[in-house]
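Down below is the structure, laid out as structure tokens.
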Amino acid sequence: MPPPKCLSWMFISLFFLLLIAMISGCSTLKDSRPILPIKEYEKMIVGRFDADYVGTANCLAACHEHDRLRQDFDASTMGAQLKKESGLPLVDCESCHGPGSLAIKGLTRELVEENTKKGIKTKCDFETLIDMKNLPAPAQSLTCLKCHTANATFNLHNWNASTHATNEVSCFDCHQVHGSPDLKVSPINTGQMCFRCHLAPRAEFSMPSHHPLNEKRIFCIDCHDTHGGIGDRHLRKETIKETCVQCHPEKRGPFVYEHADVLEDCLNCHVPHGSVNDNLLVAREPFLCLQCHEGHRINTPGGGSTSAASRRAFYSRCTDCHSRIHGSDVPSASGKGRFTQ
Ligand code: HEC
Ligand code: HEC
Ligand code: HEC
Ligand code: HEC
Ligand code: HEC
Ligand code: HEC
Ligand code: HEC
Ligand code: HEC
Ligand code: HEC
């Protein structure tokens, strides 16, 4: 019936017109103006609106307690931003701790010196600053993300969707801003840092067959991106196979004789961290192979011999004969791909 068809075309074109109107209207949203300046948010977090920014010089001049913090901070990449001539966004104490005028109210250099002579430590009223340690995890992370946006810091592209972000893990859990001048986490420290929360991997890496993590030849972050990966399980690579063949390239293939598509997922036969079985295998041979194959029966092409000894042998280590289990370019005796050479 023509009339309804005509009507639906009208609706469709109307829809597209509306869509175009909406998209062009949205362009103003692109120049992202904050609804409130960050300052106002920080005041809200503190719960007071009368605080103001005083600048790092004022914070630190009043109080010598933080000398080490300052030294570390100056030496760090973020601290380098304190130098105005760098032209980069300024990072100072108040960028994270919030406006500090209330904290240093009444504190003068003279007072601090007087107190020091008397042997008294001068405390600032730090309770008027943002209570970093007790903020909810997402708010803690926002402290960092206001500068480290996905655009500014590429490796945080997947953070918001990451299992860490959605499980209340915050930047503070891993990055100790005042731990040392090095804000980065060096690979060698990741094991212990991750084990703090991940007890299963800790046990796995102590099993008889394991990737040499405790031996410091491989690191969690070789395979995982703690900020969220492109693959499942925070993996840096899209697939399991890609994850593994970066270091085991000889298993990549393609081979003339492939083990069907079994090799597409190395975890069909291996575990990634550690195993009680040799070679990180999920199960010992022959059980590993018997999950998918029957063993040789007598008089099958593989089972030429009828002696009891060889029958037993066939149910021992299949890879004694099928030694090219990851794929081969060389045919077997019968001219087929049996991975025997
Ligand atoms: C990049 C953000 C950031 C900057 C910049 C920063 N801090 Fe901190 N600061 C933190 C965090 C996060 C904590 C809480 C650490 C924790 O969880 O123990 C903290 C804690 C502190 C503490 C308490 C330490 C303790 O042991 O409880 C002091 C004091 C401090 N900062 C002073 C400063 C001073 C002074 C500056 C400027 C030189 C500064 N901070 C700059 C993020 C920052
Ligand atoms: C006021 C803006 C600002 C805030 C807030 C901020 N950063 Fe930074 N951060 C920077 C800048 C700028 C750099 C240096 C340039 C760069 O490496 O991106 C930097 C560098 C770093 C680096 C070192 C990168 C490298 O390659 O060495 C780490 C790690 C880091 N920040 C973590 C954090 C964490 C964790 C927080 C929250 C506690 C935080 N930052 C909060 C601006 C900020
Ligand atoms: C589970 C631990 C963990 C958490 C949570 C975490 N990081 Fe990291 N971060 C690391 C490790 C480990 C490295 C060093 C290896 C790497 O780059 O992946 C690192 C590196 C970085 C770097 C340096 C990147 C570079 O390539 O120079 C920045 C910047 C950074 N993290 C910021 C953040 C911010 C901001 C957050 C919170 C949104 C955060 N991290 C949360 C562990 C963590
Ligand atoms: C050789 C690469 C590799 C290294 C190194 C590695 N992992 Fe993994 N990890 C994987 C793979 C692959 C998976 C996915 C397993 C799956 O999907 O069943 C995984 C899964 C996980 C999981 C989720 C599943 C589970 O077992 O609970 C956690 C948590 C984990 N890894 C933590 C760690 C930690 C912590 C370290 C360092 C101490 C580490 N991994 C080192 C490859 C690795
Ligand atoms: C403060 C605690 C904490 C720290 C530190 C931590 N994690 Fe996690 N991680 C978690 C929680 C919570 C989860 C989600 C629940 C789970 O799977 O156990 C998780 C999940 C994971 C997963 C599974 C992701 C998925 O999609 O299933 C991987 C992989 C992982 N973490 C790797 C690491 C690595 C590598 C490090 C060290 C750089 C690390 N974690 C440090 C708390 C932590
Ligand atoms: C960052 C490099 C790296 C990645 C990624 C990696 N491996 Fe390894 N793998 C190693 C190193 C190093 C060894 C130890 C080799 C040695 O001892 O000579 C090893 C050893 C092994 C072994 C032999 C273990 C034994 O007990 O002898 C197997 C099996 C293995 N890897 C499988 C995998 C699988 C499966 C993956 C993917 C989940 C993977 N590897 C990813 C570096 C890597
Ligand atoms: C069909 C089961 C199976 C699959 C799938 C499989 N492997 Fe293996 N792999 C084995 C067996 C069995 C051994 C031990 C016997 C041997 O060396 O042939 C082994 C040993 C290894 C070894 C240590 C010895 C050597 O040859 O270097 C590495 C490394 C390895 N595999 C990597 C991988 C990688 C990477 C993948 C994925 C691309 C993978 N494996 C997929 C069965 C498998
Ligand atoms: C996850 C299942 C799976 C596991 C585990 C597995 N295979 Fe296979 N295998 C297959 C599939 C699927 C094929 C291709 C289909 C076929 O020809 O039967 C195959 C093919 C083969 C072939 C070649 C058959 C032919 O017709 O050319 C041999 C030989 C073989 N596998 C031996 C092994 C051995 C030895 C093991 C143990 C180390 C093993 N397989 C583990 C699934 C598996
Ligand atoms: C003593 C050496 C030897 C052992 C041990 C052995 N095989 Fe074989 N297998 C062979 C030979 C030889 C062939 C035939 C090769 C040809 O066709 O050229 C074969 C063929 C096969 C085939 C393809 C033909 C068929 O029968 O369907 C599969 C699948 C296979 N073996 C699986 C296994 C499994 C699983 C194990 C361990 C339980 C195992 N093999 C142990 C020597 C062996």
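No hydrogens, no waters, no symmetry mates; every other heavy atom, side chains included, goes into these values. Numbering starts at 1 and runs along the sequence shown. First listed ligand is number 1; within each ligand, the first listed atom is number 1.
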Exercise for the section: Look at atom 18 (O) of ligand 1 and find which of His175, Lys133, His178, Gln176 reaches it with the closest heavy atom. Expected result: Lys133
Completion exercise
For Ala260, the atoms of ligand 8 under 4.0 Å from one of its heavy atoms are 11 (C), 12 (C), 13 (C), 14 (C)
Exercise for the section: Can you figure out which of Lys251, His248, His211 has its heavy atom closest to atom 30 (C) of ligand 7? Expected result: Lys251
Exercise for the section: Using a distance threshold of 4.0 Å (strictly less than), state whether atom 16 (C) of ligand 7 has a protein heavy-atom neighbour. Expected result: no
Practice task
Heavy-atom distances under 4.0 Å are what count here, so tell me which part of Leu281 touches ligand 7: side chain, backbone, both or neither.
Solution key: side chain
Problem - Heavy-atom protein contact below 4.0 Å for atom 40 (N) of ligand 7 - result: yes
Exercise for the section: Give the residue and atom name of whichever protein heavy atom lies nearest to atom 12 (C) of ligand 7, and the separation in Å to one decimal. Expected result: Glu285 OE2, 3.7 Å
Practice task
Taking only heavy atoms of Cys244 into account, list the atoms of ligand 7 that are under 4.0 Å away from them.
Solution key: 35 (C)
Exercise for the section: Taking both backbone and side-chain atoms into account, decide whether Cys266 has an N/O/S atom under 2.8 Å from atom 8 (Fe) of ligand 7. Expected result: no
Practice task
Look at the N, O or S atoms of Cys269, main chain and side chain alike, and state whether any lies under 2.8 Å from atom 8 (Fe) of ligand 7.
Solution key: no
Exercise for the section: Just jot down the ligand 7 atoms closer than 4.0 angstrom to any heavy atom of His259, in number order. Expected result: 1 (C)
Fill in the blank from the handout: Of Cys147, Cys124, Gly100, Cys96, the residue with the heavy atom nearest atom 2 (C) of ligand 1 is Cys96
Practice task
For atom 14 (C) of ligand 7, find the nearest protein heavy atom and state the residue, atom name and distance (0.1 Å precision).
Solution key: Asn279 ND2, 3.4 Å
Fill in the blank from the handout: For Cys318, the ligand 8 atoms with a heavy-atom partner under 4.0 Å come out as 35 (C)
